[in-house]
Amino acid sequence: MLDQRLLRENPDLIATQLARRGISLDLGELQQLAQQARDLGEQRSGLQAEGNRIGKEVGSLIKGGAAQGGPEVAALRDQGNRIKQQVAALEEEEKGLEARLQEQLLGLPNLPSALAPEGRSEAENVEVKRWGEPRLPGPGESLEEHWQIAERLALVDTERSVRIAQSRFVTLLGDGARLERALIAFMLDLHGRRGYTEVLPPILVNTASLTGSGQLPKFAEESFRCDSDDLWLTPTAEVPLTSLHRDEVIAADQLPLRYCAYTPCFRREAGSYGRDTRGLIRLHQFNKVELYWFSRPEDSEAAHEQLTRDAEAVLEALALPYRRIELCTGDLGFSAARTYDLEVWLAGAGTYREISSCSTCGDFQARRASIRCKEGKGTRLLHTLNGSGLAIGRTMAALLEHGQQGDGSVRLPAALVPYFGRDRLTPEA
RNA sequence: GGAGAGGUGGCCGAGUGGUCGAAGGCGCAGCACUGGAAAUGCUGUAUAGGGGUAACUCUAUCGAGGGUUCGAAUCCCUCCCUCUCCGCCA
């Protein structure tokens, strides 16, 4: 959520910055709404002050011996009643305005960081770096895509998943299930060694939590909802992790707080019919290990680099080639001020594919979720950052495509052996 | 799900409908004392919003929302949460 003070004092800045995202917006209505709400509030609190004064006066009159039903007391009582009615009327109007204002503000995305490159769409994202050698098919060799390998090795059962749930769900079997579990444990251990506190949060979250991290109110159609309970299936661990410290004030010397969490993630993927229909790339339910930082505002830029490095460390430990892309202003997510996407090389598909998205949200989520830090006198909003470290299903896809052998088996990186128990997936196994 | 108890500042804990943003204690900060510290003493110590260059000031907040009243932490209603016991359950 954007700062109301900024709206009042520098609306042009908001308009210019949102324009960098490709949003042209007339802030006039919003400003007017804010102004009206403020005027009403001023009027109301003035009346309340008057009412408080009368109340005290009655108190001291009675204490001084005036009769409860005496003329002075009765006059003040009438006056108090009139004020009460006026206050009630103003309050109702103010509430309506505040609700509208809040609704509109909650629907506005974050302002892009000054550092985010200009651009209108995905096409203008900027490649920052590449790591590793993308595997290309040798002469006469054709590389399979991960879903072909997975089916051939009986790691997944797609058809039966429809029976259990729906399309876009997957059931992992045998080595597939074990590899998924190994990857989760491997990543959590890696991040734990790098200083993250492991968290296993609830994956049903309430409306306030989704609003705090920015999924609501705008993207309700993207989440699964438990209608009778004000609970939703979390679309990413970013949601419960943001709310881990919702409505808290954290001493600055405790920062940064760094968490990693494995959760299943649930997304309705509305409007993606026909895209990535095979395999592990786009599912209604998938597993992910998430990294999350609560940082002092001054430190969040460096934190963003570090968080991204921590995600890259997973890919490097698994020897998976990747590149780092910085999203241009037009491609930034709703809550992000600046984002690096990590794209892993899918050898069978012959493309780089997003496997992690590392964002700094500035104070955007902190304002929505009311998370502050305290340093000396006074409090201020802190900064939040999040990134995948990594999406498990896509990691498995990359491993299968990268490690496939001419004999039909798949070689796994050495780092996984302690977790999976073998260095190879074979047809017979 | 049933029965009971309870939710007050960073923490503990008092609070008779009238000057209560709230006693007292702990903690924390500053000052004094000390060679330095401990102990002690004094002073200060919530958050959000509005107004003011500032000193300061106004409003709101005692789980949340309603109500009664000139006036509510205190009385009434609804809801939420926590704890104890019973039931059920991985």
Side-chain angles (χ1 to χ4, degrees), chain A residues 1-10 30-102 105-106 200-212 226 228-232 240 243-255 257 264 294 363 365-382:
Chain A
M1 188 162 59
L2 303 181
D3 189 356
Q4 283 203 45
R5 206 170 306 164
L6 191 64
L7 175 69
R8 192 158 74 229
E9 287 165 6
N10 200 349
L30 199 57
Q31 277 180 279
Q32 205 185 341
L33 210 54
Q35 182 61 45
Q36 279 174 6
R38 208 151 55 99
D39 290 346
L40 274 177
E42 224 169 297
Q43 245 185 88
R44 190 215 66 231
S45 76
L47 276 171
Q48 281 173 322
E50 177 69 5
N52 287 343
R53 198 188 54 74
I54 290 171
K56 286 177 184 175
E57 212 176 313
V58 173
S60 56
L61 274 178
I62 290 174
K63 209 174 235 174
Q68 287 271 0
E72 307 108 314
V73 172
L76 285 171
R77 249 201 276 237
D78 287 350
Q79 214 177 332
N81 272 325
R82 272 199 305 277
I83 286 173
K84 191 159 47 166
Q85 278 172 18
Q86 290 172 41
V87 167
L90 284 175
E91 255 176 354
E92 197 179 339
E93 200 180 342
E94 199 184 349
K95 243 185 197 168
L97 284 176
E98 285 290 354
R100 272 167 57 200
L101 181 62
Q102 192 74 356
L105 279 173
L106 284 173
L200 195 64
I203 53 178
L204 289 179
V205 297
N206 57 35
T207 297
S209 293
L210 277 164
T211 305
C226 309
S228 46
D229 289 296
D230 181 37
L231 288 171
W232 308 65
S243 281
L244 190 62
H245 291 296
R246 177 150 49 84
D247 295 320
E248 285 188 23
V249 178
I250 299 167
D253 60 19
Q254 308 258 307
L255 298 175
L257 293 171
F294 297 87
D363 62 12
Q365 292 180 322
R367 185 172 296 105
R368 289 173 159 250
S370 181
I371 311 170
R372 306 175 160 268
C373 60
K374 186 178 182 109
E375 200 164 20
K377 279 203 166 188
T379 68
R380 62 201 168 125
L381 296 168
L382 48 69

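Here is how names work: the chains are called A, B, and so on, in the same order as the sequence lines, proteins then strands, and each is numbered from 1. Values below: all heavy atoms of this structure, side chains included; hydrogens, waters and symmetry mates excluded. As the structure is a prediction and not an experimental result, all values here were calculated from the model.
Pairing for B/G87 is absent, judged as Watson-Crick or G-U wobble with the two contacts each under 3.5 Å. Base pairing analysis places B/U69 opposite nothing; no Watson-Crick or G-U wobble pair with both distances below 3.5 Å involves it. Across every strand in view, B/A23 sits unpaired, with no contact that passes the Watson-Crick or G-U test at under 3.5 angstrom. Using the Watson-Crick or G-U wobble rule with both distances under 3.5 Å, B/A60 pairs with B/U47. Of the nucleotides present, B/G6 is the one that pairs with B/C81 by Watson-Crick or G-U wobble criteria, both distances under 3.5 Å. Nucleotide B/A39 is matched to nothing when pairs are restricted to Watson-Crick or G-U wobble geometry with both distances under 3.5 angstrom.
Annotation: B/G51 and B/A14 have their P atoms spaced 40 Å apart (nearest Å). Spacing of P atoms, B/U68 relative to B/G13, comes out at 34 Å, to the nearest Å. Remark: the separation of the C1' atoms in B/U19 and B/A32 is 34 Å, to the nearest Å. When the C1' atom is used for both B/C33 and B/A39, the distance is 11 Å, rounded to whole Å. Straight-line distance between the P atoms of B/G71 and B/G18: roughly 14 Å, to the nearest whole Å. With both ends at atom C1', the span from B/A64 to B/C12 equals 24 Å, rounded to whole Å. Using atom C1' as the reference point in both B/G15 and B/A23, the two lie 8 Å apart (nearest Å). B/C88 and B/C20 are spaced 46 Å apart, taking the C1' atom of each and rounding to whole Å.
A/S60 comes within 4.0 angstrom of a base, heavy atoms only. Residue A/R5 is in sugar-phosphate contact alone, with no base atom involved, counting any heavy-atom pair closer than 4.0 Å across all strands shown. A/N52 comes within 4.0 angstrom of the backbone, heavy atoms only, and of no base.
Taking atom CD on A/E91 and atom C1' on B/U61, their separation rounds to 13 Å, with Å as the unit. Taking atom CD1 of A/I62 as the reference point, atom P of B/U69 lies 15 Å away to the nearest angstrom. One interatomic measurement links the two molecules: CD of A/E375 to C1' of B/C28, which rounds to 16 Å at whole-angstrom precision. Taking atom CG of residue A/L47 and atom P of nucleotide B/C70, one finds them 17 Å apart after rounding to whole Å. Regarding A/R44, its CZ atom lies at a distance of 13 Å from the P atom of B/G51, rounded to whole Å. The distance from atom CD of A/E72 to atom P of B/G18 is 21 Å, rounded to the nearest whole Å. Summarising the geometry, the separation between CG on A/L231 and P on B/C80 is reported as 13 Å, rounded to the nearest angstrom. Rounding to whole angstrom units, CZ of residue A/R372 and P of B/G49 are separated by 6 Å.
Closest to the side chain of A/E42, out of B/U59, B/G50, B/C70, is B/G50. Distances from the side chain of A/V58 to the nucleotides B/G51, B/A48, B/C70 place B/C70 closest.
Residue A/R53 places none of its side-chain N or O atoms closer than 4.0 Å to OP1 or OP2 of B/C70. For A/R8 and B/G50, the shortest distance from a side-chain N or O to OP1 or OP2 is below 4.0 Å. A/K84 has a side-chain polar atom (N or O) that falls below the 4.0 Å cut-off from OP1 or OP2 of B/G71. Considering only side-chain N and O atoms, A/T379 lies under 4.0 angstrom from the phosphate OP1 or OP2 of B/A48. Under 4.0 angstrom from either OP1 or OP2 of B/U47 there lies at least one side-chain N or O belonging to A/K374. At B/A60, none of the side-chain N or O atoms of A/K95 fall inside 4.0 Å of OP1 or OP2 (strictly under the cut-off).
A pairwise comparison of heavy atoms in A/L97 and A/L40 identifies CD1-CD1, 3.3 Å as the closest pair. Of all non-hydrogen atoms in A/L47 and A/I83, the two that sit nearest each other are O-CG2, 3.5 Å.
A distance-only check finds a donor-acceptor pair linking the side chain of A/R368 to the backbone of A/T211 [under 3.5 Å]. Checked by atom type and distance alone, the side chain of A/S243 never pairs as donor or acceptor with a backbone atom of A/P240 at under 3.5 Å.
Mapping A/G59 and A/N81 onto RNA chain B by nearest heavy atom places A/G59 closer to the 5' end of the strand. Mapping A/S45 and A/G55 onto RNA chain B by nearest heavy atom places A/G55 at the nucleotide closer to the 5' end.
For the residue pair A/Q85 / A/R82, no side-chain donor-acceptor distance below 3.5 Å is found, with atom types taken as modelled. Using modelled atom types, one finds a donor on one side chain and an acceptor on the other under 3.5 Å when comparing A/S209 with A/R246.
Between A/E94 and A/Q43, every side-chain heavy-atom pair lies at or beyond the 4.5 Å cut-off. Between A/L255 and A/C373, the closest side-chain pair of non-hydrogen atoms falls below 4.5 Å.
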